[in-house]
Amino acid sequence: MHWFDELLPRVESFLGEKKDTVISAGLSVSGLQHVGRLRGEVVLANAIAEGLRKSGRNVKQILVLYTQDSWKGKDGQLAQFGDGGGKEYVGRRLIDVPDPKGCHENWVDHYWRDFGDVLEEFATKVEITSTTEVYQTDEMRRNVLELLEKAEKIREIVNRYRGRMKYPEGWIPFEPLCKKCMKIGSAEALSVSEDGQVSYKCSCGDEGASSIEEGKLNWRLEWPSLWKVLSVDIEPFGKDHATPGGSRDSCKNLAKNVMSLTPPFGIAYEWVGMSREGTDLGDMSSSDFKGFTPKEWLEFGEPHALRFIYLQAKPSKRIVLDLAKMDTYHDHLDSGYSNYWQDEKEEESELKSRTYDISAVDRVARKDMFILPYKEASLLTQISSVEDKLHWVVSRLTDTGILTRELAEDEEQYLSKRIGLADAWITKYAPESYHVELQEELPEDVRSELTEEDVKSLAIFRERLEGADWNEDALKETMIQMTKMEDFPVSTKRFFRNLYLALLGKEQGPRAAPFLSILEKDFVLERLDDVSQE
RNA sequence: GGGCCCGUAGCUUAGCGUGGUAGAGCGAUCGGCUCUUAACCGAUAGGUCAAGGGUUCGAAUCCCUUCGGGCCCGCCA
């Protein structure tokens, strides 16, 4: 059974009869919005939302951006400003930090783009909001005022979770914005008026007042307040909050005992790491600017392929992504597709099928689509003529018998898309061994790898090519005839190895006839001559 | 120091609330397809189930310990 199908019923029974439900997750726009943030906050939440919709519930999926949080000024964040800059913004709300690149309103707007602009590709019907927006609502303002009236009870509970630094009597669990230094969290709230003005004394020396929506609640109250104001029923959250006795526990406590609120059904998930050439580079990190963005993923991969990865692994398992493995990721997706449409499923394929089912959501392609393996696409794109790649590839696939019928329009689109992705991948992230690179000169070390028979085999080929027509069929025919000669000096396999060595400097390559046919005849003849000359 | 999560073939993993001596996909190797590959089809190899101990007739599966990767228990969110 798929882990998802054990989780979903538990969510269902938590919800009971409730028809209208909200699933919400949050993230802080502290820097690079990497793909790891799509895992729990977006994809997992979305899969559950869809699952609940299927059983007839009205589900709202919300993604809350924590934009009111303060900017820490970590090394990676400061580095965005270039030499020595940015220090003056430490402690400001994220929305008050300027865009280091100067192209957007502020920090949040800039770094949200590579994530937010393509979010739709990974999950539909996600409503985006921000803590900044939430603080501006009447519900939140009312909620804050209510909480501040219970400040003493809150203090008592919060202090249980704090070690030495207990909050003193009279503590107000609110962080006003200092109007002078523009920082949040460095001013102490002194009193709150009924109309929501918080007077403060800041460590910079300023004394003044800020409105509720300019500041923010202490985080232990902010979290449950969001549950309340947004009516959250289900909430995925990162493993950092998951430990019993950890942060989420204290928030649950406050929700229950101060706000009379049932905390949402929580789902903890592990983080996403990245690796390069087999080396684990650690978890992706927003404020350290480590990782790659959803936008970058889409340059090389289909959104479903990533959803598939995220939904295959149990949320409690760490996932490590490597852009060099795009071909494998798509193989998994493709096998999910074919398993999905299989009439009789073995137990093994059931899991893949189900993963595909929840990965593809409403975009489950129809049955029997022609799908070119990603790796094949990456090879074909390298040897195809540049203009009209799609039709070149289609005719190649037809000639080789891999494709035995006309492609429908959607299939052609899908194929074209995949060729484009694989093409981008080849130039940027594919492992070296995937590259098919025509050697302009006969590589030096090739000669030493060829025996006398090897050289002879190529010489015979050269001779036969001379009079042959230069098209795929003729080339193919020539090779077949030749390798069947009684006294041909090497095995067929060996011959092709020799040919690839002479042209590519590697022992393997794309199908020979089509490949040769797009090269200049004279070039090939010359190369074969070179091999024979000592 | 206390707690939590993860560790099954090169890679991705099934099995692990109801213990009976490991299944799969990819990759690799070999072969087939009277067209060669990295397509397709078939076959083969590959696992002391992180390590050690315990319970048991019998453990990947239950218990304890250890190791490795990560997180929480201060502040900040």
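Note that this is a predicted model, so its numbers are computed, not measured. Numbers restart at 1 for each chain; the letters A, B, ... are given by sequence-line order, proteins then strands.
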Note to self: At less than 4.0 Å, is any side-chain N or O atom of R248(A) found next to OP1 or OP2 of C71(B)? Yes or no.
What the structure shows: no

Next item on the list: Report the glycosidic orientation of G42(B): syn if within 90° of 0, anti in every other case.
Entry: anti

Check: In whole Å, what is the span from the CH2 atom of W3(A) to the C1' atom of C16(B)?
Finding: 19 Å

Next item on the list: For C49(B) versus A14(B), give the span between their C1' atoms, rounded off to a whole number of Å.
Entry: 12 Å

Check: Pick the nucleotide of RNA chain B nearest each of K216(A) and M479(A); which residue has the one closer to the 5' end?
Finding: M479(A)

Checklist line | Nearest-Å distance once atom C1' is located in both G42(B) and A22(B) | finding: 24 Å

Next item on the list: Check whether the side chains of Y414(A) and E302(A) place a donor and an acceptor atom closer than 3.5 Å, and report yes or no.
Entry: yes

Next item on the list: Using modelled atom types only, decide if a donor and an acceptor are shared between the side chain of W171(A) and the backbone of K166(A) within a distance under 3.5 Å.
Entry: no

Notebook entry, point to check: At their closest point, which heavy atom of W297(A) faces which heavy atom of V35(A), and how far apart are they?
Noted result: CB-CG1, 4.1 Å

Next item on the list: Take atom CZ of R220(A) and atom C1' of C72(B), then tell me their distance rounded to the nearest Å.
Entry: 12 Å

Next item on the list: List the protein contact pattern of nucleotides 39-47 of chain B with one symbol per nucleotide (5' to 3'): B for base contact, S for sugar-phosphate-only contact, - for none; contact means a heavy-atom distance under 4.0 Å.
Entry: B--------

Check: Rounded to whole angstrom units, what separation is found between the CG atom of D322(A) and the C1' atom of C26(B)?
Finding: 15 Å

Checklist line | Atom-pair distance (CG on L516(A); C1' on C35(B)), nearest Å | finding: 13 Å

Note to self: The criterion is ring pair (Phe, Tyr, Trp, His ring centres under 6.0 Å); which residues satisfy it with Y374(A), sequence neighbours excluded?
What the structure shows: H330(A), W425(A)

Margin query: Students often mix this up, so state it plainly: with edges at 30° and 60°, are the rings of H241(A) and F237(A) parallel, tilted or perpendicular?
Written below: perpendicular

Next item on the list: Considering only atom C1', compute the distance from U21(B) to G31(B) and round it to an integer number of Å.
Entry: 33 Å

Margin query: If we count only N and O atoms by modelled type, under 3.5 Å, do the side chains of S250(A) and R220(A) hold a donor and an acceptor together?
Written below: yes

Item checked: C76(B) to C62(B) separation - P atoms, rounded to the nearest Å -> 39 Å

Checklist line | Name of the residue among T398(A), L390(A), V394(A), L397(A) meeting side chain to side chain contact (heavy atoms under 4.5 Å, CB included) with L407(A) | finding: V394(A)

Checklist line | Whole-Å gap separating P (G70(B)) and OH (Y269(A)) | finding: 19 Å

Item checked: From CA spacing to verdict: salt bridge (Lys or Arg N to Asp or Glu O under 4.0 Å), D96(A), K183(A) -> CA-CA 9 Å; D96(A) 292 331; K183(A) 292 182 183 183; over 6 Å; no

Item checked: Span that lies between the P atom of U29(B) and that of A38(B), in whole angstrom -> 8 Å

Next item on the list: Would you indicate what Y161(A) reaches in the nucleic acid, counting non-hydrogen atoms under 4.0 angstrom: base, sugar-phosphate, or nothing?
Entry: sugar-phosphate

Check: Which nucleotide sits closest to the side chain of P244(A): C72(B), G70(B), C4(B)?
Finding: C4(B)

Note to self: Using the P atom as the point on both nucleotides, what is the distance between C71(B) and U65(B), in whole Å?
What the structure shows: 23 Å

Margin query: Regarding Y310(A), tell me which of base, sugar-phosphate or nothing describes its non-hydrogen contacts under 4.0 Å with the strands shown.
Written below: nothing

Check: According to the salt bridge (charged side-chain N to carboxylate O under 4.0 Å, His left out) rule, which pairs have a member within residues 315-329 of chain A, sequence neighbours left out?
Finding: R276(A)-D322(A), D280(A)-R318(A), D283(A)-R318(A)

Next item on the list: Can you tell me, in whole Å, how much space there is between the P of U18(B) and that of G2(B)?
Entry: 29 Å

Notebook entry, point to check: For Q68(A) and T132(A), does a side-chain donor sit closer than 3.5 Å to a side-chain acceptor?
Noted result: yes

Margin query: Do D357(A) and S353(A) make a side-chain contact, defined as non-hydrogen atoms from C-beta onward lying under 4.5 Å apart?
Written below: no

Next item on the list: State whether E411(A) and R405(A) are salt-bridged, where the test is any N-O pair (Lys NZ or Arg NE/NH1/NH2 against Asp/Glu carboxylate O) under 4.0 Å.
Entry: yes

Next item on the list: Can you figure out which of C76(B), A38(B), A14(B) approaches the side chain of V436(A) most closely?
Entry: A38(B)

Notebook entry, point to check: Quick one: D331(A) CG to A38(B) C1', roughly how many Å, whole number?
Noted result: 11 Å

Notebook entry, point to check: If you check the A313(A) side chain, which of C71(B), C75(B), U13(B) turns out closest?
Noted result: U13(B)

Check: On RNA chain B, nearest-nucleotide positions of E175(A) versus F496(A): which is more 5'?
Finding: F496(A)

Detail all sub-3.5 Å separations between protein N/O atoms and N/O atoms belonging to nucleotides 5-7 of chain B.
unit_1 : atom_1 : unit_2  : atom_2 : d
C5(B)  : O2'    : S316(A) : O      : 3.1
G7(B)  : OP1    : K317(A) : NZ     : 2.9

Checklist line | Least distance between heavy atoms, E175(A) atom then I184(A) atom | finding: O-CG1, 3.8 Å

Report each atom pair, protein N/O against N/O of nucleotides 10-12 of chain B, whose distance is under 3.5 angstrom.
unit_1 : atom_1 : unit_2  : atom_2 : d
U12(B) : O2'    : Q312(A) : NE2    : 2.8

Checklist line | NZ or CZ of R162(A) within 45° of Y167(A) ring axis and under 6.0 Å | finding: yes

Next item on the list: May I ask you to check whether D331(A) and T328(A) show a side-chain donor-acceptor distance below 3.5 Å?
Entry: no

Next item on the list: Calculate the interatomic distance between R354(A) atom CZ and A14(B) atom C1'; express it in whole Å.
Entry: 17 Å

Checklist line | Separation of atom CZ in R162(A) from atom C1' in C76(B), rounded to whole Å | finding: 10 Å

Notebook entry, point to check: Dot-bracket, RNA chain B: Watson-Crick or G-U, under 3.5 angstrom, [ ] crossing, | other strand?
Noted result: (((((((..((((.........)))).(((((.......))))).....(((((.......))))))))))))....

Check: NA contact type, S247(A), heavy-atom cut-off 4.0 Å: base, sugar-phosphate, or nothing?
Finding: base

Checklist line | Distance-only polar pair, side chains of N253(A) and Y161(A), donor-acceptor under 3.5 Å | finding: yes

Check: At under 4.0 Å between heavy atoms, what does W271(A) touch on the DNA or RNA strands: base, sugar-phosphate, or nothing?
Finding: sugar-phosphate

Notebook entry, point to check: Expressed in whole Å, how much space separates the P atoms belonging to G19(B) and A24(B)?
Noted result: 24 Å

Check: Quick one: the side chain of T243(A) and the base of G3(B), do they pair up donor-acceptor inside 3.5 Å?
Finding: yes

